[in-house]
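Residue numbers begin at 1 in each chain, while the letters A, B, ... track the order of the sequences.
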Number of protein chains: 2
Amino acid sequence: MQLPILIDPIAGKSLQAQIAEQIRQLILDGRLAPRARMPASRALAQDLDVSRNTVIGAFARLAAEGLLEGREPIGTFVAERVAPASPTPVAPPAPHPDAAVRGGTRARVRQRLLFRGAAHQVLAPHGQQLPFDFWVGRPDARLFPMRAWQSLLARRLRGAASQLCEYGDPQGVLELREAVAAHVGATRGIATDAGRIVITNGIQEGLNLLAWLLLARGVDVAVENPCYRGAARVFASHGADLRPVPVDDEGIVCAQLPPSAALAYVTPSHQYPLGATLSLSRRRDLLAWAEASGSYIAEDDYDCDFFYDGAPLPALKSLDVNDQVIYLGTFSKSLGAGLRIGYMVLPSELCEPACHAKALLNNCQPWLEQAALAAFIHEGGFAEHLRRLRQLHMLRRNHLCAALAHGLPGWRVAGLGGGMHLVVQLPQEGPDARAVEEMARAQGVGVYGIDDGNAQLFDADADDPLQRVLLLGYAALTEAEISEAVLRLRRAVGVREIARDPLQEPFAGAGAADAISNTE
Amino acid sequence: MQLPILIDPIAGKSLQAQIAEQIRQLILDGRLAPRARMPASRALAQDLDVSRNTVIGAFARLAAEGLLEGREPIGTFVAERVAPASPTPVAPPAPHPDAAVRGGTRARVRQRLLFRGAAHQVLAPHGQQLPFDFWVGRPDARLFPMRAWQSLLARRLRGAASQLCEYGDPQGVLELREAVAAHVGATRGIATDAGRIVITNGIQEGLNLLAWLLLARGVDVAVENPCYRGAARVFASHGADLRPVPVDDEGIVCAQLPPSAALAYVTPSHQYPLGATLSLSRRRDLLAWAEASGSYIAEDDYDCDFFYDGAPLPALKSLDVNDQVIYLGTFSKSLGAGLRIGYMVLPSELCEPACHAKALLNNCQPWLEQAALAAFIHEGGFAEHLRRLRQLHMLRRNHLCAALAHGLPGWRVAGLGGGMHLVVQLPQEGPDARAVEEMARAQGVGVYGIDDGNAQLFDADADDPLQRVLLLGYAALTEAEISEAVLRLRRAVGVREIARDPLQEPFAGAGAADAISNTE
């Protein structure tokens, strides 16, 4: 440890006093923690260019004050009992002789802040651990392929010191880009290669990169209404004008797309938040709009890995003969958001600018997780994991539908085709979404209206039917948990509880619980 | 695997023909790779909602064509020999019936690209592996504490599935922020706490976040001349006007700071690229300027961990009673850039906006490396590692200085006080930096002028003395390697080679090599 001590050889005080005073201050400020080991007197003397006796004298003085303890022959330590007031103190701004001037400076400095953005909700909005939480987009941590991941990380680490030490390719680790190209080819019908792919810190960063490439003050961007709030906020923060376009049960209503938009941001596989799958004819309309208006399309395929009823529609990008679609994918839903790995498949002319923007933004992604994931995909573990998740998610979705149909028959369910959440339309006469959220939370159950579910609704008044929409993410709850959660929801909204048995029997199947116990 | 197959029940073709055709296309496009396993006929039939015999018929047809191979009882596979032309093919844009219209669309689409930025150099500019590379800012991978890191990662992974699966706090893992607060308190004299710290993907991302908070078109930002190019380019990409301020051997010349600047970006510990340490009196001048102009200061402390001559000056931030300094730190130099972990210590009013900006940018950093690093710091391993690096870096610096003084006496050396690189001023009469770079590279030695060394020089003509400056990063080369590299540099610039012995003896000490062989 090198201590930040300044010796002033021409100051009025002795060198010993100067050293003692500064170390005392470091200890009392808590910058040197209790029990911290002090540098050896010989080393400190050398660093400060003073004699060793000067340092020994300063240490002795501080020991006499009870601030240091010598424990020969180990060394000198900060005493245990001089805990500062707070374990990690913040220095209060020192009072200035001319406080008025200083106050004026503070005010002027504060005016330098230009950023007016507010983020979407990264963590669940209530900040609580709820026993039964239908928080959207959350995978089940109990299903994480931990043993495989541990061994992949350990294997990739061996002999990899230089990859840990050096900056990597801003575009992403080549092996991972190759693996992603093969994966989106086989599962999403996208013919591409590693040269067209940029690895990002999740889809959120991909949205930033494309906003940086395409948007600016006064540029129009078409978004679904309602849409994912994280996208709307990023586009707005780049100054773009949001043009909301309605969605129905076939997805975005292409006839209402504004020809002025430089970009249309869509979620074709499972519209966020309402869950519709964009129909094939609408996909063709959307591409025709892009061709006619000379615009790009951002296809956010955030939960495309899960499609339950028949084969999935291929990605919009797979129909993109004119190379106008920017495809955004992620491993946050299939593996975990804590890994922070997403990717973009880019039109050819955007690849090089996107790599420049990524390098300017943060040089590149961390190496290790990219390398481990590349191996996981190449060796087939990922496809196996996805297959297993898909089966379990489908069971959970079916179970939730049955439980709701039985226990809360007035709740109309939609958005079931894929993904990890479904949508409930609450009855017209009862409490609205926000009220149900609160009643449910009191019962330990998390459900989310459009607003708390990270979605942005434009031009809506209090009577809008979407104020009566709830989002229920079902991927992280077992069937037994879902049964109990629905029982509690009934109680929360005041549905007379009949008897537990008839409800429990059909839904609390043992299948899912068994499946979980033999994870991996 | 779910195959992207679309069945059109009212098409003219049989279901079997439709399925066969689409699988054939997937194989010929390379989207289904040779030897890939096909889904079971029963599963595919269920997905597509057709009879199992229809699928079996389609598979048989493709087997007859040599595209599939049945290997009972294992399953059906794509044949080995139908390798597509390229292992990862890009679909050529399909020719459109109305090619002229489409060409016009492409041109119009391309005009949507607004980004004009170019990145700094993330990887060494020549793109070669040179045997003796003085690339700046690169730590020695042979010194990475691999065994400790492996065991930390393995330990933190156990039971951590939910941290891998869930989004984390945009501000960063609390434990790591606490560890960083303790570290900058003890080593840099900064009294702060976890609430004031935001974990970033390196300093580069921190620069982006503060540019997002403070800069916009028409806002002035003061930068050192020359300065780190990654910063200059980020500020420019946010539209700010760069105001270069000269540096001398005491660092930035504060008297020339423009009062209009919202932000001054400085590197006080070891000016990038020229290596000066900002003197104490200049530090006071800089803070006085900030107070008088109501501006922020960004203190980029990229290689502050290494200070060789006496104790380090405390950070500018430690003198910042008025809370106007944004401190930027990184673990890229002390551990490795492939980890992508940096941090900011923020003035109080910027903390919340910075967290919002980070959340909007990419939600948060990956969890695992943050958790491992927190433990490494808390448990003292990091301080131990730093101490060891500091000793070795000092030996290497001293060795390089001695070798240059002996072998290339016309090369004047500066910027020695700390960090991981030093600066050479080439003699006026010989070749300039770019010419020496090329001659050295031909001998397998990497040295870097201002421009190739990721620095930005403003308002300079060809006669500028800085065109004759070379940067030599010495941290990643052993003493023996440095001796050989300097011998080759002599050869490169045509200094008559006397005899190897007199040069070799004083510099090729065994010390460093021994130290490396017992890494950890």
Side-chain angles (χ1 to χ4, degrees), chain A residues 1-2 4-5 29 31 47-49 88 90-91 94 105 108-110 112 114-115 118-119 122 139 141 144 146 150 157 161-165 167 170 181 185 189 191 193 201 204-205 213-214 216 234 262 291 294 310-312 314 321 336-338 340 349 353 356 359-363 366-367, chain B residues 2 4-5 29 31 47-49 88 90-91 94 105 108-110 112 114-115 118-119 122 139 141 144 146 150 157 161-165 167 170 181 185 189 191 193 201 204-205 208 213-214 216 234 262 291 294 310-312 314 321 336-338 340 349 353 356 359-360 362-363 366-367 383:
Chain A
M1 185 195 310
Q2 284 186 296
I5 293 176
D29 285 352
R31 295 184 239 181
D47 280 354
L48 300 177
D49 199 17
T88 47
V90 178
T105 299
R108 277 188 303 137
V109 172
R110 275 194 208 99
R112 301 286 192 182
L114 303 179
F115 179 78
V122 176
F144 185 82
M146 183 60 91
Q150 282 168 327
L157 263 179
S162 74
Q163 289 92 326
L164 296 179
C165 283
Y167 292 92
D193 69 10
N201 182 343
Q204 191 68 29
E205 190 176 276
L213 299 189
L214 302 175
V234 163
E291 181 167 353
V321 290
R340 312 302 312 125
E349 73 275 9
H356 276 284
L360 269 184
L361 185 62
N362 50 28
N363 288 317
W367 175 80
Chain B
Q2 285 187 294
I5 294 176
D29 284 352
R31 296 186 237 180
D47 280 355
L48 300 176
D49 199 18
T88 46
V90 178
T105 298
R108 277 187 305 137
V109 171
R110 276 195 206 99
R112 301 286 192 181
L114 302 179
F115 179 79
V122 176
F144 185 82
M146 184 59 93
Q150 281 169 328
L157 263 179
S162 75
Q163 289 93 324
L164 296 179
C165 284
Y167 291 92
D193 69 10
N201 182 341
Q204 191 67 29
E205 190 176 275
N208 267 280
L213 299 188
L214 303 176
V234 163
E291 182 167 351
V321 291
R340 311 302 315 125
E349 74 275 7
H356 276 284
L360 269 184
N362 49 29
N363 288 315
W367 175 81

Minimum-distance pair of heavy atoms, taken over all atoms of A:M146 and B:L157 |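 The answer is CE-O, 3.3 Å.
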Heavy-atom closest pair, residues B:N362 and A:E205 =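 Distance-wise, the nearest heavy atoms are ND2-OE1, 2.8 Å.
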Greatest number of heavy atom pairs closer than 4.5 Å to chain B - which of [options]:
options	result
A:A216, A:S162, A:P353	A:P353
A:P170, A:P139, A:G336	A:G336
A:C165, A:A119, A:G185	A:C165
A:R112, A:H356, A:E349, A:Q150	A:R112

Would you mind reporting whether B:R340 and A:W367 have side-chain heavy atoms less than 4.5 Å apart?
->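 No. Closest side-chain heavy atoms not under 4.5 Å.
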With chain A, which of B:A262, B:A141, B:A337 has the greatest number of heavy-atom pairs at distances under 4.5 Å?
->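 The answer is B:A337.
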Heavy-atom pairs under 4.5 Å with chain A, option from B:N363, B:L214, B:L360, B:L48 with the top count =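 Top count of heavy-atom pairs under 4.5 Å with chain A: B:L360.
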Contacting moiety of A:N201, where chain B heavy atoms sit under 4.5 Å =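 Backbone plus side chain of A:N201, per the 4.5 Å heavy-atom cut-off to chain B.
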